[in-house]
J.: 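Questions regarding the structure given below will be posed in turn.
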2 protein chains.
Amino acid sequence: MCAMARPRKPLLSRDLIVETAAALVDAEGLAALSTRRLAAELGVSGPSLYNHFRTKDEILDAVADAVSAQIDLSMFDETDGRDWRTALHDWAVSYRSALADHPHVVPLLAEGPGRRPAGLKVADAVFGAMVRAGWPPAQATSIGALMRYFITGSALGSFAGGFVDDASAYDPADYPHLGQAHLLAERQEVVDERAFETGLTALLDGLALQYETGVRGQWAGRSS
Amino acid sequence: MCAMARPRKPLLSRDLIVETAAALVDAEGLAALSTRRLAAELGVSGPSLYNHFRTKDEILDAVADAVSAQIDLSMFDETDGRDWRTALHDWAVSYRSALADHPHVVPLLAEGPGRRPAGLKVADAVFGAMVRAGWPPAQATSIGALMRYFITGSALGSFAGGFVDDASAYDPADYPHLGQAHLLAERQEVVDERAFETGLTALLDGLALQYETGVRGQWAGRSS
DNA sequence: ACCTGAACACCGTTCAAGT
DNA sequence: ACCTGAACACCGTTCAAGT
């Protein structure tokens with residue numbers, strides 16, 4: 001009695017697995033996600049997952065793409081030469097905030113979009129908008145790349161939180177300028193937020209300079 | 001006969017373990033590093049490692065710091081208000097090249113310097129130099145943070161290499177602007193190199209603007 | 001002090017078996 | 001088609017035992 005196999009309605013679905021995996025990773029980190037633990041959370045046995053995904057990596061891939069899907073891209077809808085800078089800024093803020101909500105997922109995004117649809121949508125939107133705004137394709141590619149460098153780098157790990165909250169860790173003989181470093185940890189959010197905004201402003205100011213130079217010279221030559 | 005325990009000279013040392021671990025991670029990635037595999041590579045049994053390190057994570061920490069130790073910091077020796085930009089540029093290039101030599105190690109650096117001596121030396125050098133160059137301490141902290149964001153982000157994973165080398169992956173209906181994306185993979189190094197230099201130049205141009213504004217107003221107020 | 005094998009509580013994945 | 005338990009080849013780490 002009590003037949004356990006093959007219920008009339010499937011117990012699992014790809015979406016349910018991905019949701020549960022994402023919640024587990026958010027709550028306890030990547031290391032906490034084992035197929036057995038995930039299955040237990042779903043109330044099934046470990047091997048059941050393999051009816052829906054081929055490997056654990058495929059599950060993680062889907063989790064990563066779910067995060068990419070949360071990035072707002074609407075600011076690129078009508079970008080033109082006037083407002084590429086504003087669009088880039090707003091996108092960067094939305095991008096960072098999507099990643100910051102799921103910091104443990106960031107390393108999974110390191111591999112690039114691959115075949116993940118949401119990741120490709122992001123690349124498509126920013127590249128298309130920059131070209132429409134007047135950037136030559138090669139420069140538009142660079143912008144997509146360099147923005148990703150900066151944003152994933154800022155979401156990968158807190159700068160301020162990387163310093164221990166313990167003054168005795170910073171011997172003045174070894175680190176003469178880190179006398180206040182132990183204070184960084186407790187001001188983590190403010191410090192990282194300010195550094196991100198400062199860097200983003202600098203990046204966009206610098207790109208605006210290159211844009212000016214480019215349109216003036218009508219993008220003659222290979223940049224320079 | 002053939003007494004196996006306690007030889008007169010230790011078989012292992014922390015340095016030997018770290019070297020071997022780094023070589024293994026470089027060659028086969030983080031996932032290939034298990035304590036048992038590492039021990040086998042060293043010709044000892046798995047538990048032997050625990051005489052020299054408390055956990056596997058401690059070994060990885062030491063590997064990460066060995067990479068940080070390869071970053072050139074000499075450009076900060078005599079930085080002043082005239083050449084902070086050049087120093088920052090040269091440091092960024094050296095930093096990126098150190099990480100690019102060991103891409104699998106980059107995720108380990110995400111946590112920040114913590115108590116790792118080489119990581120702290122880097123933070124100390126750049127912060128000290130920026131303050132000496134005339135940047136207010138809060139801005140010097142931001143510069144250290146934002147440069148780390150950009151550099152680790154660029155080393156974490158190739159942008160161009162994140163796209164699959166297969167034109168059929170980019171359906172024009174879904175991704176109207178990615179018609180050439182499949183070409184990125186084969187031009188990986190050039191594309192990433194150019195994006196890095198473009199971004200670095202933009203970042204430094206933008207910071208120079210902020211520096212100008214700051215010294216003119218004698219850093220009145222909280223930046224503005 | 002520094003190495004060993006045995007052992008514990010885990011992993012990801014395969015597979016034959018059930019309905 | 002979709003779930004099961006058993007099984008395989010792994011993990012990180014602890015520990016008593018050896019010298």
Side-chain angles (χ1 to χ4, degrees), chain A residues 1-64 104-105 107-108 111 114, chain B residues 1-64 104-105 107-108 111 114:
Chain A
M1 72 205 56
C2 174
M4 289 310 292
R6 179 69 161 135
R8 51 196 72 232
K9 277 270 279 216
L11 296 172
L12 259 31
S13 69
R14 286 178 67 96
D15 282 350
L16 184 58
I17 292 169
V18 172
E19 265 173 50
T20 311
L24 189 52
V25 169
D26 282 344
E28 306 187 32
L30 272 178
L33 187 83
S34 72
T35 54
R36 294 164 125 107
R37 172 78 191 280
L38 175 56
E41 215 85 25
L42 287 158
V44 298
S45 80
S48 304
L49 301 171
Y50 290 83
N51 286 294
H52 304 269
F53 290 93
R54 266 197 308 250
T55 61
K56 182 189 172 182
D57 273 354
E58 232 177 51
I59 299 175
L60 289 172
D61 228 47
V63 170
H104 296 128
V105 177
L108 301 176
E111 312 278 295
Chain B
M1 73 207 51
C2 172
M4 287 313 291
R6 178 69 161 132
R8 52 197 72 231
K9 278 270 281 219
L11 297 172
L12 259 32
S13 70
R14 286 178 66 97
D15 283 351
L16 184 59
I17 291 170
V18 172
E19 266 172 49
T20 311
L24 189 53
V25 170
D26 283 343
E28 305 187 34
L30 272 179
L33 188 83
S34 72
T35 55
R36 293 164 126 107
R37 172 78 191 279
L38 174 57
E41 215 86 25
L42 287 158
V44 298
S45 79
S48 304
L49 301 171
Y50 291 84
N51 286 295
H52 303 270
F53 289 93
R54 267 198 306 251
T55 62
K56 180 188 174 183
D57 273 354
E58 232 178 51
I59 299 176
L60 289 172
D61 228 47
V63 170
H104 296 126
V105 177
L108 300 177
E111 311 278 293

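Residue numbers begin at 1 in each chain, while the letters A, B, ... track the order of the sequences. Since the model is a prediction, treat every value here as computed from it, not as a measurement. Computed over heavy atoms, backbone and side chain alike; hydrogens, waters and symmetry mates excluded.
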J.: For the pair made of CG in A:Leu38 and P in D:dC3, what is the distance, rounded to whole Å?
T.: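 Spelled out: CG on A:Leu38 to P on D:dC3 is 13 Å.
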J.: With a non-hydrogen cut-off below 4.0 angstrom, is A:Leu33 in contact with a base, only sugar-phosphate, or nothing?
T.: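 Result for A:Leu33 = sugar-phosphate.
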J.: Within the structure, does a side-chain N or O atom of A:Thr35 lie under 4.0 Å from either OP1 or OP2 of C:dT13?
T.: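 No, because none of the side-chain N or O atoms of A:Thr35 sits under 4.0 Å from OP1 or OP2 of C:dT13.
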J.: If only side-chain N and O atoms of B:Thr55 are considered, is one of them under 4.0 Å from the OP1 or OP2 phosphate oxygen of D:dG12?
T.: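 B:Thr55 to D:dG12 OP1/OP2: no side-chain N or O under 4.0 Å.
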J.: Please give, in whole Å, the distance from D:dC2 P to A:Leu42 CG?
T.: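 Taking atom P of D:dC2 as the reference, CG of A:Leu42 is at 15 Å.
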J.: Pairs counted only when both distances fall under 3.5 Å, Watson-Crick or G-U: show me the 5' to 3' dot-bracket for DNA chain C, [ ] for pseudoknotted crossings and | for other-strand partners.
T.: ||.|||||...|||||.||
J.: Round to a whole Å and report the spacing from CG of A:Leu49 to C1' of D:dA1.
T.: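 So the two atoms are 16 Å apart, to the nearest Å.
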J.: Assess the residue pair A:Asn51 and A:Leu12 against the criterion (side chain to side chain contact (heavy atoms under 4.5 Å, CB included)); give the C-alpha distance rounded to whole Å, side-chain angles, the decisive distance to 0.1 Å, and a yes or no.
T.: CA-CA 9 Å; A:Asn51 286 294; A:Leu12 259 31; over 6 Å; no
J.: What integer distance in Å separates B:Asp57:CG from D:dG12:P?
T.: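 Nearest whole value for this atom pair: 10 Å.
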J.: Starting at OG1 of B:Thr20, measure out to CD of B:Glu41 and round the result to the nearest 0.5 Å.
T.: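 Rounded to the nearest 0.5 Å, the OG1-CD separation comes to 7.5 Å.
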J.: Using whole Å, report how far CZ of A:Arg14 lies from P of D:dC3.
T.: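 It is 14 Å, rounded to the nearest whole Å.
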J.: Would you indicate which nucleotide in C:dC3, C:dG12, D:dC3 comes nearest to any side-chain atom of B:Leu12?
T.: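 Per side-chain heavy atoms of B:Leu12, the pick is C:dC3.
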J.: Reckon A:His52 has a side-chain N or O less than 4.0 Å from the OP1 or OP2 of D:dA1?
T.: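 No, A:His52 has no side-chain N/O under 4.0 Å of OP1/OP2 on D:dA1.
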J.: Nearest-Å distance, CD1 (A:Ile17) to P (D:dC2)?
T.: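 Those two atoms, CD1 and P, are 11 Å apart.
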J.: Identify the heavy atoms of B:Ala64 and B:Val105 that sit nearest to each other, and give their distance.
T.: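 The pair with the smallest heavy-atom distance is CA-CG1, 3.8 Å.
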J.: Could you pull out the closest heavy-atom pair between B:Glu58 and B:Phe53, with the gap in Å?
T.: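 Taking B:Glu58 first and B:Phe53 second, the nearest heavy atoms are OE1-CA, 3.7 Å.
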J.: Quick one: is A:Ser45 getting a side-chain N or O under 4.0 Å of the D:dC3 phosphate, OP1 or OP2?
T.: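 Result: no.
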J.: In whole Å, what is the span from the CG atom of A:Asn51 to the P atom of C:dT14?
T.: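 To the nearest whole Å, that distance equals 12 Å.
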J.: Tell me if a side-chain donor or acceptor on A:Asp26 pairs with a main-chain N or O of A:Ala23 at a distance below 3.5 Å.
T.: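 No: the side chain of A:Asp26 does not pair with the backbone of A:Ala23.
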J.: 5'-most contact on DNA chain D: B:Pro47 or A:Arg36, nearest heavy atom basis?
T.: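 Whichever sits nearer the 5' end wins; that is A:Arg36.
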J.: Checking all strands, does A:Ser34 fall into the base, sugar-phosphate, or nothing category for heavy-atom contacts under 4.0 angstrom?
T.: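 Contact class for A:Ser34: sugar-phosphate only.
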J.: Take B:Leu60 and B:Leu33 through the test side chain to side chain contact (heavy atoms under 4.5 Å, CB included) and record every step on the way to the result.
T.: CA-CA 9 Å; B:Leu60 289 172; B:Leu33 188 83; 3.5 Å; yes
J.: Is there a side chain to side chain contact (heavy atoms under 4.5 Å, CB included) between B:Glu28 and B:Leu24? Walk through the geometry before answering.
T.: CA-CA 6 Å; B:Glu28 305 187 34; B:Leu24 189 53; 3.9 Å; yes
J.: From the list D:dC3, D:dT13, C:dT14, which nucleotide is the closest neighbour of the side chain of A:Tyr50?
T.: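 The answer is C:dT14, which lies nearest to the side chain.
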J.: May I have the distance from B:Arg37 (atom CZ) to D:dG12 (atom C1'), rounded to whole angstrom?
T.: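 For the pair B:Arg37 CZ and D:dG12 C1', the rounded distance is 16 Å.
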